[in-house]
Every structure is written in structure tokens, then in C-alpha cells.
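Quick note on labels: first sequence line is chain A, next is B, and so on, each numbered from 1. Side-chain atoms are counted along with the backbone in the values below, which use heavy atoms only and exclude waters and symmetry mates. Source: prediction; values computed, not measured.
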Number of protein chains: 2
Amino acid sequence: MPLGSGRPATFFPAGSEIYAQGDLCASLYQVEFGAVRIYRLLSDGRRQISAFHLAGEMFGFEADKNHHFFAEAICSTGIRILSPSASHVVAELLPMALQSLVRAQEQLLVLGRQNAVERVAAFFLEMSERQGGLRQVELPMSRLDIADYLGLTIETVSRVFSKLKSKGVIRLPSLRNVEIVKLQTLQDMAA
Amino acid sequence: MPLGSGRPATFFPAGSEIYAQGDLCASLYQVEFGAVRIYRLLSDGRRQISAFHLAGEMFGFEADKNHHFFAEAICSTGIRILSPSASHVVAELLPMALQSLVRAQEQLLVLGRQNAVERVAAFFLEMSERQGGLRQVELPMSRLDIADYLGLTIETVSRVFSKLKSKGVIRLPSLRNVEIVKLQTLQDMAA
DNA sequence: CGTATCTTTGAGGGTAATCAAAAAGGGTGG
DNA sequence: CCACCCTTTTTGATTACCCTCAAAGATACG
């Protein structure tokens with residue numbers, strides 16, 4: 001049984017804020033359906049998305065009393081808000097924190113040492129894995145979100161998509177759906 | 001009283017391995033003196049250092065049973081090895097994990113969205129802060145380590161050092177010592 | 001003092017960013 | 001259902017930043 005099932009979920013329309021940088025950390029959150037982006041901003045507006053959260057995943061715990069990040073619904077999203085003091089939540093804190101840490105560290109390697117093609121390939125594989133390892137991958141986020149997650153520009157992301165498509169590595173049945181055609185090639189590309 | 005004080009420390013010479021990727025996670029580690037680098041490798045040898053650990057800091061906890069990273073002593077280093085089951089260690093796990101998460105997420109912003117000058121400036125400020133906020137900062141690591149931490153090449157790191165020096169923002173009393181002369185300028189540069 | 005390693009500096013090239021515009025998609029109202 | 005508009009995405013041309021390759025200079029160590 002998933003954490004907090006039975007509690008009501010709150011609905012967030014696409015683009016709406018779940019919490020902002022500076023807000024008090026009052027709760028934990030679990031995605032019921034939809035998707036969430038976690039990000040920071042530089043003073044000149046540059047944005048780095050540090051994580052996406054998909055259905056079933058939890059987020060919202062931070063080291064400080066106040067949030068250092070923004071959280072927004074990417075699309076229509078249902079969120080369960082959990083009291084952080086509930087014992088069954090407390091028990092999950094450490095595993096969740098470690099999971100987030102692994103993801104962040106994985107992302108450090110991508111941002112620090114991989115080129116554009118490798119970043120996009122790694123992104124497709126990550127999204128596929130998190131959606132059950134299927135070849136049909138849904139991308140709830142825009143190209144701009146993907147760019148800000150991968151440390152690239154939207155144009156570069158688009159160009160790499162086109163390149164992988166023309167090479168027959170992926171297909172794009174629609175803007176927000178990717179089909180992985182040559183899995184092995186994609187894995188090789190991710191280095 | 002620091003964690004595990006009274007237990008003997010193990011000595012690691014410069015460059016020696018503390019644990020390797022794939023090793024079982026058997027312990028937690030606390031730096032007594034010296035410094036440690038935590039890193040991953042890509043198959044072609046590209047290296048990303050995800051963290052440095054200085055005196056007093058702990059490391060070695062991971063989400064999996066096996067280490068996903070390498071840990072090496074940067075210079076002559078003393079390490080206390082702690083049993084992860086000791087109650088006073090267990091109590092520290094969550095705060096430590098969250099602290100590591102914050103650092104990793106901070107680094108994501110640097111690697112994803114900042115240019116070479118901003119990265120180096122942020123690095124100096126981070127090292128200064130972690131050494132008590134002094135203007136005299138010691139760099140136990142080589143230029144190559146710094147480059148692999150900041151996602152740059154050694155040449156670019158060296159050029160930025162020279163540029164900041166020529167602008168009078170920093171002084172370099174020796175290779176491994178930096179003096180922050182114009183703190184405000186450095187902070188502005190870090191964006 | 002000599003050698004090996006690390007760091008700095010220089011020249012040139014490549015990848016991704018920027019600037020710009022066309023194309024595609026999505027939503028609304030007629 | 002279709003036409004229109006606005007937003008997102010794609011594609012193209014050019015620029016800029018950082019990487020690569022190369023060599024000189026500095027530092028550490030035996």
C-alpha cells in the first residue's frame with residue numbers, strides 16, 4: 001500500500017506553484033498523477049531543474065527549515081500532502097533522501113562530463129527506466145524543461161532530438177511521446 | 001564532542017584508495033585531517049568529482065549496498081572508520097544525507113548553468129566558507145581535481161585563476177593557497 | 001642537482017549558445 | 001468542424017566559449 005493512500009489529494013493545474021524558494025518546509029508531497037519540476041533560479045533568470053518527479057514519487061524534504069527550491073506542477077497534477085511527523089513518513093525519510101542523492105549525483109556526472117547527445121540519450125534512458133522500462137516513453141515536460149534539466153538550450157535539445165530521429169534511434173509519434181527504436185545504440189550513446 | 005572521538009584513525013597516504021566503486025558499503029567515514037575526493041568514472045576515463053570532504057566531515061553512506069563511487073585521499077589523510085550500526089551514528093545519517101543532497105543540488109546549478117569564471121568563483125567561495133569564512137583559503141587538491149569537480153579542463157581552470165589574479169580579485173601566495181582580495185567582486189562573479 | 005610531475009600559457013578548432021525566422025501544435029471562438 | 005491566433009518547436013546562420021593540442025615554466029622529490 002502506498003504511503004498516505006486514503007488521504008485526499010490536492011489538484012494543481014499545469015504550471016501552478018506547489019511551493020516556492022523561501023517557503024517554510026511544512027509538509028512532504030507525493031505525486032498521485034501528473035509530474036512536478038524542482039528548480040532553482042539564478043538572479044539573471046537562468047534556471048536549473050534539479051529533478052522531475054513522476055507519479056508515485058515523493059519530494060519536498062530539504063535540509064533547512066525553508067525551501068531552497070521551487071516546485072511546480074508540469075501538467076495537471078494530483079499531490080498528496082503528508083504530515084512529516086507521521087511515523088510511517090518518518091521511516092521513509094532516509095531512503096527517500098538517499099534516493100534523491102543518488103539521482104543528483106548521477107546528474108552531476110551528466111552535467112559535468114557529458115556532451116549534448118550523451119545528455120539527451122541518458123535522459124531518454126532515465127525516463128524509460130522510471131516508466132517501467134518500456135520503449136514508449138511519455139515526456140510530460142516541455143523542451144524548455146528538458147533543456148533546463150540537462151544544462152542545454154532548447155535549440156540544442158531540439159537538434160539532438162532531430163538527429164536521433166533521423167538516425168532511426170528514436171521515433172517521435174507526437175511531441176511528448178518518444179519511442180526508443182534502437183535501445184542498444186541509445187545506451188552506447190549515453191556512454 | 002565529535003562523532004566517534006576516541007576511536008583510532010586510519011592513515012591514508014596521498015592518492016590512496018579508501019573504497020572503490022562496487023565495494024560493499026561496510027562503514028561510515030569521518031575525516032580527521034587531510035581531504036578526500038569522491039568521484040565516478042565514465043568508461044572512457046572522464047572523471048566527475050562529486051564532492052570533496054575536509055576535516056570533520058563524514059562520507060561513505062550510499063543508497064545501495066555497494067558503493068557507486070570511488071573515495072581517495074587527496075593528501076595525507078586520517079580517517080575514522082565508524083560502525084554504521086552504532087546508535088549515535090544512525091542518528092546522524094539523515095542530517096548527513098540531507099547535507100550531501102544540498103551540496104549536490106548546489107553543484108547541479110553550477111555545472112548546468114554557470115560559465116567557467118562563475119564556477120571557479122563559486123568554488124573559491126565554497127572552500128572559503130567551509131574553512132571558516134577566512135580570506136586565506138587552502139586548496140588541498142590539484143588543478144586537475146578542481147577541473148574534474150567543476151566540469152572544466154585543467155587549462156581552463158588555470159586560465160581563470162590567472163585572470164582573477166591579474167584582475168586583483170585573488171592572490172596566489174603559493175600554488176595551493178588562495179587569498180580572496182576582493183570578496184564582493186568574487187561574489188558578484190559567482191552570480 | 002637532475003628528473004618527473006604539475007601548472008601555465010599560447011594557438012587553433014569544435015561544440016553548443018545566440019540570434020533569427022519558419023513550421024508545427026494547441027486552444028478558442030465562430 | 002474549421003479558421004484563426006498564440007505558443008512551442010524546429011531549423012538555419014553566425015558567434016563565442018571552452019576544449020584540444022602543444023610547449024614552456026614552475027614545483028616537488030629523490
- Message: Please report whether the ring centroid of A/F161 lies less than 6.0 Å from that of A/F123.
- Response: no
- Message: Whole angstroms only, please: what is the CG-P distance between A/D145 and D/dT7?
- Response: 17 Å
- Are A/E57 and A/R103 close enough for a salt bridge, meaning some N to O gap below 4.0 Å? yes
- Using the C1' atoms of five pairs at each end, what's the angle between the two axes of the helix from C/dC1-D/dG30 to C/dG30-D/dC1, to 10 degrees? 50°
- Any Lys/Arg nitrogen of A/D148 or A/R40 sitting under 4.0 Å from an Asp/Glu carboxylate oxygen of the other? no
- Query: If each of A/L172 and B/G151 is mapped to the nucleotide of DNA chain D with the nearest heavy atom, which maps nearer the 5' terminus, i.e. the 5' end?
  - Reply: A/L172
- Message: Within the 4.0 Å heavy-atom criterion, would you say A/S162 contacts the bases, only the backbone, or no part of the nucleic acid?
- Response: sugar-phosphate
- Query: Given D/dC19, is OP1 or OP2 found less than 4.0 Å from the side-chain N or O atoms of B/T153?
  - Reply: yes
- Task: May I ask you to say whether A/R143 pairs ionically with A/E155, meaning some side-chain N is under 4.0 Å from a carboxylate O?
- Result: no
- Item | Rounded distance (Å) that lies between atom P of D/dC18 and atom CZ of A/R113 | 13 Å
- Message: Regarding A/Y39 and A/E72, do their side chains bring together a donor and an acceptor under 3.5 Å, going by distance alone?
- Response: yes
Polar atom pairs between nucleotides 20-28 of chain C and protein, under 3.5 Å, N or O only, would you list them?
none

- Length of the line joining A/L139:CG and D/dT8:C1', which is rounded to integer Å: 14 Å
- Query: Just to confirm, is there a sub-4.0 Å distance from OP1 or OP2 of C/dA16 to any side-chain nitrogen or oxygen of A/T156?
  - Reply: no
- Message: Classify A/S142 by what it touches in the nucleic acid, base, sugar-phosphate, or nothing, heavy-atom distance under 4.0 Å.
- Response: sugar-phosphate
- Message: Quick one, B/N177 and B/L139 - any side-chain contact, counting heavy atoms below 4.5 Å?
- Response: no
- Rounded distance in Å - CZ (B/R46) to P (D/dC19): 12 Å
- Could you state the atom-to-atom distance from CD1 of A/I154 to C1' of C/dC19 in whole Å? 14 Å
Under 3.5 Å, which donor-acceptor pairs link side chains of residues 19-29 of chain A to any protein atom two or more places apart or in another chain?
| unit_1 | atom_1 | unit_2 | atom_2 | d |
| --- | --- | --- | --- | --- |
| A/Q21 | NE2 | A/H68 | O | 3.3 |
| A/D23 | OD2 | A/A20 | N | 2.9 |

- Message: Would the base of D/dT20 count as contacting B/R159 through its side chain, where contact means a donor and an acceptor less than 3.5 Å apart?
- Response: yes
- Query: Can you check the B/M141 CE to C/dT7 P distance for me, whole Å?
  - Reply: 12 Å
- Measure the shortest side-chain to side-chain distance between A/F52 and A/P140 over non-hydrogen atoms and say whether it is less than 4.5 angstrom. no
- Grab the CD-C1' distance between B/E118 and D/dC18 for me, whole Å please. 14 Å
- Item | Nucleotide D/dC17, atom C1' - distance to CZ of B/R119 in whole Å | 11 Å
- Got a salt bridge between B/R113 and B/E118, using NZ or NE/NH1/NH2 to carboxylate O under 4.0 Å? no
